[in-house]
Amino acid sequence: MKNNVQNEYDHLDIEKKWQKEWARKKVYKTEAPSTRSGQAKKKKCYVLDMFPYPSGLGLHVGHPKGYIGSDVFARMRRMQGFNVLHPMGYDAFGLPAEQYALEHNIAPQKAVIENVKTFERQLNKIGLSYDWDRKVNTTDPDFYRWTQWIFLKLFGSWYGSTGSPQATQKARPISELIKIFEKDGNQKVNSVSGKVQVFSASDWKAMDEKTKQDVLMKYRLAYEGYSEVNWCPVLGTVLANDEVVDSSKGLVSERGGFLVVKKEMRQWFLRITAYAPRLLAGLDTLDWSSHIKEIQRNWIGESHGLLFTAKVKDSDMVIETFNAHFQACYADTFFVIAPDHPMLPKLVEGVANETEILSKAREIVDKRAKFSEGEYREIDGIFTGRYVVDPLGNGDLPIWVASFALKDYGTGIVKCSAHDERDFAFAKKFNIKLKTVLLPTNEHLGKKVLNQEICFSDMVNGILTEPKELMGKIAGEATKDIIKYVTSRGFAKVHTTYKMRDAVFARQRYWGEPIPLRHDKDGIIHELREKDLPLKLPNVKSYVPTGTGESPLAGVSSWVKAGLETNTMPGWAGSSWYFLRYMDPKNKKAFADINAIKYWKNVDMYVGGQEHATGHLLYSRFWYKFMKDYGLVVTEEPFQTLRNQGMILGSDNRKMSKRWGNVINPDDIVKIYGADTLRVYEMFMGPFEASLPWSTDNIIGSRRFLEKVWKIKQKVIKKGKVDSKFEVLLYKTIKKISEDIEGFSFNTSISSMMILVNEMEKLESVRQSDFELFLKILSPFAPHITEELWKQLGHKSFLVLEKWPKVDSKKTQELEVKIVVQINGKVRASFDTHFGAREDEAVSGARALREVEKWLINKEIIKTVFVPNRLINFVTK
RNA sequence: GCCCGAGUGGUGGAAUUGGUAUACACGCAAGACUUAAAAUUUUGUGACCGCAAGGUCAUGUGGGUUCGAUUCCCACCUCGGGCACCA
């Protein structure tokens with residue numbers, strides 16, 4: 001085998017050799033922008049893969065699919081003369097590493113180092129063109145000091161306005177807010193949380209520090225609060241959502257099957273809701289799949305409606321309620337409040353059966369806690385004994401506690417009517433008085449039978465009977481009139497609300513970035529000074545949860561003594577901004593130099609799985625917009641173009657997993673077939689975004705293709721006659737590959753190169769210049785074999801740094817075309833003619849054919865359709 | 001329930017603005033090479049009728065627009081995804 005090595009395609013040898021060579025000569029090194037002007041000569045292109053977690057399990061063939069796609073793109077851009085930033089690094093904080101440390105009894109720090117090694121060894125075999133000099137790792141204190149630094153900025157900022165809430169808003173330092181409070185006069189400050197604080201400067205000055213802190217906490221972009229977590233008493237730990245499963249007993253832990261309950265716990269939150277309108281609007285400017293944009297739109301859940309303000313009878317309390325389907329607002333006969341609404345205790349204060357009401361509310365909340373979100377659907381509630389003075393003049397309306405009311409949506413209080421299925425069902429169960437103001441039209445009987453009663457819930461096609469001024473109008477058409485009617489009389493104002501909630505930014509775990517805050521003995525929270533960053537994670541003896549639900553840091557006495565925050569940051573902290581660090585990864589003075597940021601701006605091509613649609617891709621857009629407000633970055637969006645690779649499934653069509661025994665290790669494929677074959681095959685399998693099963697049968701086709709390329713080299717000649725037909729195909733292929741890579745249509749690029757290679761096989765000889773053009777366009781897909789052939793043709797340069805071929809439109813012009821002849825739209829024949837033949841030439845060409853005349857005997861042609869260079873269609877009577 | 005997306009040979013899939021449906025690849029069948037097998041290579045390969053020439057039917061189903069529909073419109077079926085007591 002070794003003796004005819006000259007003619008053998010020995011992928012192991014070739015791939016090892018060139019990987020070494022590329023690394024030695026640092027061919028993929030990114031050029032830094034010149035520091036003086038912030039502008040380099042070359043145009044930039046930032047191509048990025050989503051930040052991976054280096055798992056200890058190693059890779060399967062599905063993992064590199066996205067990396068190969070982005071690599072093909074990056075390689076073409078590099079050859080096209082762009083200064084390409086194509087880095088890789090690790091998001092190594094988080095649960096899996098901590099779990100691994102617990103199970104194997106080693107420090108997570110050590111586990112990460114090992115796992116990164118495995119990951120890189122596997123990745124490097126595939127021939128990806130990363131600039132490894134820019135590698136980052138979230139667990140490196142040099143990295144996470146900047147994560148902490150950004151957190152402090154968030155903590156020290158608020159997002160609001162003193163004027164109209166509709167005015168363009170930006171994050172501003174909290175010191176500005178304090179100045180507003182200190183100014184004289186009653187300050188009305190609109191915060192995003194919807195709470196409006198009204199107090200005078202002297203009120204503010206009279207407050208003690210703790211009260212001031214509590215006020216400011218309502219405005220901060222990073223704030224302390226409480227939220228429900230999955231608490232497992234037996235394990236003595238808080239569990240993430242994916243560690244909890246539904247069972248017949250209710251919620252249980254995935255490991256052990258122990259009961260899980262919801263428990264209120266102290267948390268840190270990021271006020272992402274402040275950015276909801278901008279996160280929504282920004283989507284229109286992005287080149288992302290409409291699918292992902294849709295998921296984000298749904299998640300943000302913008303809803304336009306009316307906000308009614310109403311007085312509680314016999315009290316100075318005022319309640320607000322949001323109504324998106326307000327067309328039938330004159331039918332409202334009762335209000336409901338969420339059982340866990342913070343206002344409820346005050347509302348029922350002094351009511352005869354106060355304790356009964358509160359215990360009923362408690363009962364509903366407890367019951368709901370046993371279900372996962374949305375599972376609890378029982379209709380339950382109790383009358384609060386309180387009434388609202390209806391702003392629309394329908395007298396006193398009762399307020400009920402209702403199981404279906406959610407405290408986190410709208411205002412947590414709902415104005416209810418007979419024209420809503422859910423309200424209707426509730427009213428029927430508790431015998432609450434109803435009223436109808438909509439009549440069904442004949443065509444639209446949007447009626448539902450509920451509890452043997454009829455509920456007309458079609459708010460679009462109903463005919464209004466109230467208010468009198470709008471009587472007879474179709475509700476859906478009268479929306480604007482109703483808004484005008486209600487707002488002009490001061491009953492309500494136009495309002496927009498969002499489904500999205502603030503993001504919990506804390507984990508009760510060890511393996512995450514420490515939160516750089518200090519609590520003093522008076523309960524006042526202090527920021528760490530910038531020069532004290534990074535706040536390093538302490539070494540601990542045990543990673544075992546404390547049993548109280550608190551992080552293991554709560555068991556470190558020096559940490560607790562110093563008053564340091566014991567929660568750590570969640571997994572998405574580092575991944576929300578890491579792409580900025582790649583721009584200037586070694587900078588000690590800043591997360592990145594401003595000139596580097598001005599040059600690289602944002603990510604041009606971002607590649608990763610679509611499972612991050614509502615997590616990472618939303619959080620990082622939020623951080624980025626925040627940073628934009630402070631002039632830390634220069635564009636509004638971090639990821640201009642996004643492509644999502646599909647999964648590679650096992651050959652049994654199931655997810656690749658140890659559990660099913662269907663895992664294919666890329667190391668094995670690289671060894672047997674080669675990295676180039678793996679790359680070509682993964683790109684050829686099907687559309688990039690599609691999830692497809694791995695097929696060991698099919699990979700042979702990609703290997704055969706590369707072997708054909710290898711063999712064709714033997715018939716390459718320095719100079720030869722130009723085969724004009726082949727030339728056209730070659731240039732058309734070059735054009736197609738360029739366009740296909742641009743559009744991530746890799747499967748069709750490969751197939752068109754296969755067609756070209758099949759043509760080359762038929763030729764006696766191939767001119768070297770033509771073969772070289774082909775090697776260039778194949779290079780992004782199969783960099784090793786093409787580099788080797790390039791060298792064998794006598795070149796000293798690196799093919800991966802060569803210029804991408806330009807396409808001259810003259811060269812792709814067909815000389816001869818086939819014209820299809822149709823009779824009444826059916827294909828009956830075809831003939832060859834010169835490119836650009838006129839209609840009359842085509843008609844005579846077609847009429848000369850026997851197969852055509854046969855169909856036209858005794859027929860009258862009433863119409864002729866001619867599509868140049870394509871077809872001619874005779875339409876007969 | 002609401003909102004997206006997709007249904008094409010035995011299989012993965014291709015088809016520009018409405019213009020030859022099934023490119024490319026796998027698999028399969030037959031032939032060549034071989035003692036034989038593998039590898040390689042040549043040819044064929046949507047279904048049905050036919051010795052053939054040729055014809056008919058086919059892109060989830062049913063309709064529509066058009067000279068012409070995988071592509072546009074309407075209804076339905078199936079699968080996948082997202083959201084889900086969201087006022």
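Quick note on labels: first sequence line is chain A, next is B, and so on, each numbered from 1.
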Sugar-phosphate only, base, or nothing, as touched by [X] at under 4.0 Å among non-hydrogen atoms:
X	answer
F684(A)	base
D423(A)	nothing
K736(A)	nothing
P687(A)	sugar-phosphate
N747(A)	sugar-phosphate
A402(A)	nothing
S830(A)	nothing

More 5' along RNA chain B: I700(A) or N873(A), using each one's nearest nucleotide?
I700(A)
Side chains of residues 325-340 of chain A: which donor-acceptor pairs under 3.5 Å do they make with residues two or more places apart or in other chains?
residue	atom	partner	partner atom	Å
Q327(A)	NE2	T479(A)	OG1	3.2
D332(A)	OD2	K415(A)	NZ	2.6
T333(A)	OG1	K433(A)	O	2.8
D340(A)	OD1	R368(A)	NH2	3.4
D340(A)	OD2	R368(A)	NH2	3.3

The nucleotide from A25(B), G19(B), C26(B) with an atom nearest the side chain of Q822(A) is G19(B)
Nucleotide nearest V865(A) when distance is taken to its side chain, options U40(B), G19(B), G12(B)
G19(B)
Taking the cut-offs as 6.0 angstrom to the six-membered ring centre and 45 degrees off its axis, would you call K428(A) and F424(A) a cation-pi pair?
yes
Take atom [atom1] in [N] and the same atom in [M], then report the distance between them in whole Å.
N	M	atom1	answer
U42(B)	C33(B)	C1'	11 Å
G13(B)	G80(B)	P	16 Å
U78(B)	U41(B)	C1'	44 Å
C48(B)	A58(B)	P	15 Å
A25(B)	A15(B)	C1'	16 Å
U71(B)	G81(B)	P	26 Å

Any donor-acceptor pair under 3.5 Å linking the side chain of N869(A) with the backbone of G836(A)?
yes
Could you label the plane-to-plane angle of the F746(A) and F744(A) rings as parallel, tilted or perpendicular, counting under 30° as parallel and over 60° as perpendicular?
tilted
Heavy atoms of other groups near K655(A) NZ, more than 12 under 6.0 Å
no
Specify the glycosidic conformation (syn or anti) of G63(B), with syn defined as within 90° of 0.
anti
Whole-Å distance between A14(B) P and I737(A) CD1?
15 Å
Report the C-alpha distance between W400(A) and F426(A) in whole Å, list the side-chain angles of each, state the deciding distance to 0.1 Å, and finish with yes or no for side chain to side chain contact (heavy atoms under 4.5 Å, CB included).
CA-CA 10 Å; W400(A) 283 69; F426(A) 187 83; 3.9 Å; yes
Those stems involving RNA chain B that have three or more consecutive Watson-Crick or G-U pairs, both distances under 3.5 Å, are B:1-7 with B:77-83, B:10-12 with B:24-26, B:27-32 with B:40-45, B:46-49 with B:54-57, B:60-64 with B:72-76
May I ask you to test the W288(A)-Q296(A) pair for a side-chain heavy-atom distance under 4.5 Å?
yes
Among side-chain atoms of E320(A) and H495(A), is any donor-acceptor pair under 3.5 angstrom?
no
I need the residues from residues 291-301 of chain A with at least one non-hydrogen atom less than 4.0 Å from RNA chain B; give them sorted by number, or say none.
H291(A), E294(A), I295(A), W299(A)
Test: E851(A) and K854(A) ion pair at under 4.0 Å
no
Would V494(A) and L306(A) count as a side chain to side chain contact (heavy atoms under 4.5 Å, CB included) here? Give the steps.
CA-CA 5 Å; V494(A) 175; L306(A) 294 175; 4.2 Å; yes
